[in-house]
K.L.:
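This is the structure, below, for whatever I ask next.
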Amino acid sequence: MANLLIVTDQTSDWQQYFPSEQVVNVAQYLDSEWQHNQRSVQVVNLCRDYSYMSSGYYCSLMAGARGHRVIPTVTAINDITQPLLISSGFLRLHRLPKDQDEIACKIYFGRTEQKGLEKLARRLFEQFMVPVIELKMTRNQHNWQIDSVQPFPFQDLEEQEENFFIESLEMFSNKVWRKPKQEKKYRYDIAMLVDDEEKMPPSDPSALKRFKRAAARLGMNLETISRDEISRLGEFDGLFIRATTNISNYTYRFAKTAEKLGLVVMDDSESIMKCTNKVFLTELLKNNKVPAPASVILKNFDPEWKSDLLSELTFPMVLKIPDGAFSRGVVKVRNEEELEKEAAALFEKSELILAQAFMPTDFDWRIGILNRQAIFGCKYMMSRGHWQIYQHHNSGRVSSGGFETLDLKQVPKNVVDVALKAANLIGNGLYGVDLKEIDGQVYVIEVNDNPSIDHHVEDAFLGDLLYDRIMTEFLRRIQMRGF
């Protein structure tokens, strides 16, 4: 559980708000003798000036050196002065007012009183993590543009703005001014992000319960959070993502935000980026000489894509959209007519798609890897009468084949070795490497950053030890960071 500490230029800056021992002035915080007795500290730096070498700048700098989680970080302070870091397509994600030509508003911990800009406010806060932001925008003909995004000193807020500011701060960290609950104390708190509405989540409810029990055995509290609770990340020491990841959805934003706050994150944003795009992964494996099915990257803007493809692969072949999951966005084509039809449909979703040689097998290997070590091995059988593990029916029903979970000693050594080589190109997180074994040769199909771990499936051999190993790795990483 993180302990909130508010740092201002002078404690008198806080006099109009509820008195709190959690407020100190920047001189006290920067004092080399200053020590905070609590083990995990979340610093909200509310100094007036964040400019380079100012006291506000040094507050964030020292917080980072002390292992405290701080907003804004020094990186955020530098980033917010660089407007080019805001994506040109950023505004297209939001519904902006049509009856105004100029907007000037403030964003308090991701909240704003400006109607219609609620989503934009959240995204800007997630990107920069600055307590109070002043946003200025103008509309040129039909397009809105951001003119400036700047930190705003809370000391200069008008009286009518102060209530919204303090309400936003309290929502950001609901530990403000509240007495700790009289309950079992845990050394660390980890947020487990899940999506209750997901039809094919990475872990079933039974597995999620076992993760929580494993964390508790290690003296940690593993608390489930939803996609609407990104503002709570400051309360935690780590983030465990158990919702299907994608660089274009909320899971990536959670990972990035948690990393900016200094949390241990599994899986991290870089792993999500590398694993969820099959085009990237194919190129990565090829350049590092990791065996994989013969593959061709198809470009929608290349008029010769079909002839180039047919010069390298023969029918049948498999087409894949870069960010598909659980066999979605993967189709088999048997002739040129099917190729043109299916490629056209996939090109509507992505400018690049992947074509691979069709390699039928009775099962795929899945090797689970954590911190560069294999932790489980499974065989996933193909769905009955189908060439994939998962079969998506027109009715919306999904069927899958059986499985066999083995002692890793029973898994062929070359399967484990190739899986480790592939996963090590991604990082040191939690991965599931899918492979095919044909005539003694092993081929990597993909590396999953968010592998399925279901009760009675992936844990069928190790049982609770599998959950213990994953939670122990969280504990090790948190302790290494000195939280």
K.L.:
Going by an N to O cut-off under 4.0 Å, is there a salt bridge joining Glu270 and Lys274?
P.N.:
yes
K.L.:
State the CD-CG distance between Glu162 and Leu157, to the nearest 0.5 angstrom.
P.N.:
6.5 Å
K.L.:
Under 4.0 Å between a Lys/Arg side-chain N and an Asp/Glu carboxylate O for Lys278 and Glu446?
P.N.:
yes
K.L.:
Any ion pair linking Lys106 and Glu161 (charged N to carboxylate O, less than 4.0 Å)?
P.N.:
yes
K.L.:
Under a 4.0 Å N-O cut-off, is there an ion pair linking Asp101 with Arg139?
P.N.:
yes
K.L.:
Is there a side-chain contact between Glu118 and Arg122 (heavy atoms, below 4.5 Å)?
P.N.:
yes
K.L.:
Is the shortest distance from a Lys or Arg side-chain nitrogen in Asp237 or Arg69 to a carboxylate oxygen in the other one below 4.0 Å?
P.N.:
yes
K.L.:
Nearest 0.5 angstrom please: Leu298 CG to Lys320 NZ, how far?
P.N.:
13.0 Å
K.L.:
Taking atom OG1 of Thr73 and atom CG of Leu261, what is their separation to the nearest 0.5 Å?
P.N.:
8.5 Å
K.L.:
Could you tell me whether Arg48 and Asp156 make a salt bridge, using a distance below 4.0 angstrom between a side-chain N and a carboxylate O?
P.N.:
yes
K.L.:
Does a side-chain N-to-carboxylate-O contact under 4.0 Å join Asp195 and Arg227?
P.N.:
yes
K.L.:
Test Tyr108 against Phe154 for ring-ring contact (aromatic ring centres under 6.0 Å, His included), laying out the working first.
P.N.:
CA-CA 9 Å; Tyr108 312 87; Phe154 91 103; over 10 Å; no
K.L.:
Can Glu283 and Lys286 be counted as an ion pair, charged N to O under 4.0 angstrom?
P.N.:
no
K.L.:
Would you check, one step at a time, whether the test ring-ring contact (aromatic ring centres under 6.0 Å, His included) holds for Tyr467 with Phe211?
P.N.:
CA-CA 5 Å; Tyr467 305 97; Phe211 277 122; 4.8 Å; yes
